[in-house]
Asks: 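Below is a structure I'd like to ask you about.
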Amino acid sequence: MDIIEDLAQAATWRIGLKLLVAIVGIELLIMVALAALRLDADSWWVGVGDALVLGLCSSALIYFWVVRPLKQAKQQNDLFQTVVNTLPAGVVVTDYTRDEHAIISVNPAFTHITGYREEEVLGRHPRLLQGEDADKTALERTRKAMQEQRPVHVLQRNRRKDGSLFWNELYLSPIMDAHGRATRWVGLVHDVTQRKELEDEVRRLAHAVEQAEEAVCTFDVEGRIDFCNPAFCRNVGLEMEDVRGQVVWMFWPENDEITETARQAVADERVWSGRHRRLRADGSEYEALTSLSPVRDEHGVLIRYSALHRDISDMVEFEREMMRAQRMEAMGTLTGGIAHDFNNMLAGMLGHLYLMKKAVQDKPRVLDRIQTIEEQGHRAADLVRQLLTFARKSDVERKPFDMRPFAKEIVRFIEPVVPENIRLMLEIADAPMPVEGDAGQIQQCILNLVVNARHAIEDRAKEEGRGFRGEIRLMIRLGIPKGGCDAANRFCEPSKICPESCVEVRVEDNGCGISPALRERIFEPYFTTKQANRGTGLGLSMVQGCVEMHHGCIQVESEPGRGSVFSLFFPVMSHEEEGVGVEEAADTKLPPGRGCTVLVADDDHSMRDVLKEVLEEADYRVLVADSGEEAVDIFQKHRDVICMAFVDKVMPGRDGLEVVRHIHMSRPDVGLVLMSGYEMADTLLQDPLVLAGVMHLMRKPWRMDELARLLGSMAENSDRQGPEAAEVRL
């Protein structure tokens with residue numbers, strides 16, 4: 001190499017000068033010695049001796065100062081060349097004194113890494129390895145280090161001769177001259193592409209583990225944790241430095257069958273997975289899905305375990321809610337089936353009571369008792385409807401009624417709920433309070449609030465002992481929400497406008513109260529702070545749903561240890577809307593039939609027979625059928641004389657709605673009534689025949705005033721039913 005040649009040239013001059021000085025010095029010593037011995041310097045043998053001594057000394061000096069160092073230098077040079085040529089790292093030497101900073105030497109490893117032969121790079125600038133995607137930061141660091149004449153270590157992305165990319169880990173060092181100036185630079189080029197790809201893969205894996213929702217940890221054969229990700233720390237409630245070194249089993253419940261199974265799997269060096277309870281640092285528990293796997297080295301020796309688990313508390317809660325929803329759906333299905341049969345029985349019973357009233361008009365005491373039984377029957381029908389509405393979330397039946405007599409009636413349902421050790425105070429305004437809604441739903445709302453108040457008082461009584469006296473105050477009066485729609489304690493639809501005039505149902509208690517954090521969640525479905533056997537979490541959710549369906553709003557005031565106040569506000573009907581319902585009159589009369597033929601189709605014989613008898617009492621001629629097919633056959637035989645048809649919705653064979661449509665297509669002028677012991681579905685309410693006023697819906701059990709209105713309405717419309725009615729699109 002040129003650098004070695006330069007060094008050798010400089011050493012040659014130094015050695016030659018030293019030899020010259022040494023030979024001259026030896027000659028002077030010889031001359032001094034001859035003079036001291038008084039020998040004749042002109043004698044030939046003295047000259048021969050002088051030359052012999054001088055030659056021997058000079059030869060010795062040349063051997064030790066020239067031949068031997070040169071031999072050692074050659075050995076060193078050969079060793080250096082061998083090392084450089086066999087290095088796996090590329091070596092490149094550049095001349096810093098040239099303007100182009102030209103390459104003056106490379107080793108075979110450089111040509112192998114870059115693909116350039118030695119003759120292709122000599123005299124060229126090292127930038128030939130750089131591409132457009134070179135790291136600007138690494139280039140700037142290299143330039144700055146060369147300006148400051150100091151070593152530098154950078155990682156750069158370079159290009160080979162064929163254009164392929166490789167990661168180059170470059171160690172660049174200056175070579176100084178005698179004056180301390182860098183004249184050359186030596187660079188070591190390492191192809192670290194595979195290592196860089198492996199590092200990137202490890203980094204991606206580390207980022208994935210760190211940012212994963214699943215908790216990951218590794219622990220040694222003794223169970224001590226040596227690594228965990230942030231999700232694991234969040235789950236157990238500790239910082240990362242506090243987790244490392246802990247025994248992994250401290251986060252598993254002791255004396256637990258699943259824990260023992262998992263520990264046995266670890267002892268047996270096998271995989272384990274399962275769903276179980278885990279512990280946080282504060283002792284609380286949560287549900288998790290966990291898998292444990294042994295980790296072995298390349299020789300198959302167990303070195304540690306990896307554990308992965310996910311907090312599935314939300315999923316478990318969702319499963320519970322789904323199970324509750326399924327139970328509610330099952331209850332709705334069961335309730336619907338029971339309600340159908342029960343409503344049929346109630347309809348038959350109420351029909352017979354109507355007939356009995358007509359037979360005992362001259363016996364007031366008997367008539368009063370029958371009316372009382374009749375009221376209880378209608379109340380039972382309301383209860384069934386309420387169960388259907390709650391279980392199946394059907395639409396409420398909105399009817400006008402006065403809250404004043406309703407409130408007095410509901411007291412009878414509330415008093416049994418409140419124990420004797422709790423004082424129940426009632427304040428009902430003595431003024432008309434007309435609202436439009438479902439009395440059964442509102443009754444259930446009030447009952448739910450009173451039950452919640454009772455539980456809150458009982459919880460506080462446990463804390464304060466026998467000296468505590470619980471109180472519940474129920475007030476029903478005219479009023480408006482405090483603060484209107486902007487009140488912070490208002491719970492209802494944000495877009496709803498508070499009514500200007502309301503009936504306020506207010507339930508106060510001096511129970512344990514509700515904290516501000518819980519107050520925001522009390523209306524969430526299935527949210528409850530009660531014990532498992534005291535609440536389902538649906539009571540207040542139902543209250544909110546009922547109030548919103550009645551276009552009202554709710555206000556809640558509560559403070560821990562000071563009780564709660566729940567206020568429900570229902571809009572008051574205007575004077576124009578006040579068609580407040582009244583009880584069915586004892587002498588309700590059906591419009592005379594005057595021999596009109598009516599078809600009654602129902603598979604329940606008691607219901608069918610009582611309706612037949614009621615209509616016959618009013619001078620109607622009644623034809624009966626107990627199935628859809630029989631109803632169609634009877635209609636075909638008497639189609640010219642039938643003027644009305646009462647058809648049950650659910651019958652064996654042909655569906656009641658199908659029968660009604662068949663009758664309408666054959667005779668558009670026939671008055672049609674579809675009866676059902678189930679709730680009327682929205683699709684039925686939107687049926688074209690209903691919307692056109694051709695078909696009427698009657699829910700069992702029906703009231704006599706409802707039946708009278710239906711008969712009167714169909715009689716009035718019979719004259720107006722013409723061919724145009726057949727154009728109703730089915």
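Every value quoted in this text rests on a predicted model; they were computed, and no experiment measured them. The analysis underlying the following values was restricted to heavy atoms, covering all of them including side chains, and did not include hydrogens, waters or symmetry mates.
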Asks: Please determine which of Glu214, His276, Arg275, His309 meets the side chain to side chain donor-acceptor pair (under 3.5 Å) test together with Thr290.
Replies: His276
Asks: Should the pair Arg263-Asp256 be classified as a salt bridge under the 4.0 Å nitrogen-to-oxygen rule?
Replies: no
Asks: Taking side-chain hydrogen bond (donor to acceptor under 3.5 Å, both in side chains) as the test, write out the residues that go with His190, two or more places apart.
Replies: none
Asks: Judged by atom type as modelled, is there a donor-acceptor pair below 3.5 Å linking the side chain of Asp311 to the main-chain atoms of Leu289?
Replies: no
Asks: Between His125 and Arg127 (side chain of the first, backbone of the second, donor and acceptor by atom type, cut-off under 3.5 Å), is there such a pair?
Replies: yes
Asks: What residues form a side-chain hydrogen bond (donor to acceptor under 3.5 Å, both in side chains) with Asp220, not counting sequence neighbours?
Replies: none
Asks: Let me check something: any side-chain donor-acceptor pairs from residues 136-145 under 3.5 Å, sequence neighbours excluded? List them with distances.
Replies:
| from | atom 1 | to | atom 2 | distance (Å) |
| --- | --- | --- | --- | --- |
| Arg141 | NH2 | His153 | O | 3.0 |
| Thr142 | OG1 | Ala138 | O | 2.9 |

Asks: Quick one: list whatever passes side-chain hydrogen bond (donor to acceptor under 3.5 Å, both in side chains) with Gln130, sequence neighbours left out.
Replies: none
Asks: Counting N and O atoms only, with roles assigned by atom type, does the side chain of Thr183 sit under 3.5 Å from a partner on the main chain of Tyr96, one being a donor and the other an acceptor?
Replies: no
Asks: Restricting to side chain to side chain contact (heavy atoms under 4.5 Å, CB included), what partner residues turn up for Cys217, sequence neighbours left out?
Replies: Phe219, Ile225, Cys228, Phe232, Val248, Ala307
Asks: Picking from Glu285, Glu257, Glu287, what satisfies salt bridge (Lys or Arg N to Asp or Glu O under 4.0 Å) with Arg277?
Replies: Glu285
Asks: Assess whether a salt bridge exists between Arg195 and Glu199, defined as any Lys/Arg side-chain N lying under 4.0 Å from an Asp/Glu carboxylate O.
Replies: yes
Asks: Could you tell me whether a side-chain N or O of Thr193 sits under 3.5 Å from a main-chain N or O of Trp167, the two making a donor and an acceptor?
Replies: yes
Asks: Please confirm whether the backbone N or O of Gly163 pairs with a side-chain atom of Arg159, one donor and one acceptor, at under 3.5 Å?
Replies: yes
Asks: Partners of Thr111 by side-chain hydrogen bond (donor to acceptor under 3.5 Å, both in side chains), sequence neighbours excluded?
Replies: none
Asks: Would you call Arg117 and Glu120 a salt bridge, using N to O less than 4.0 angstrom?
Replies: yes
Asks: Does a side chain donor of either Asp242 or Gln246 reach within less than 3.5 Å of an acceptor in the other side chain?
Replies: no
Asks: Please check: side-chain N/O of Arg181 versus main-chain N/O of Met176, any donor-acceptor pairing under 3.5 Å?
Replies: no
Asks: Using the side chain to side chain donor-acceptor pair (under 3.5 Å) rule, pick out the option among Arg454, Arg460, His455 that qualifies with Glu458.
Replies: Arg454
Asks: Counting N and O atoms only, with roles assigned by atom type, does the side chain of Asp268 sit under 3.5 Å from a partner on the main chain of Arg270, one being a donor and the other an acceptor?
Replies: no
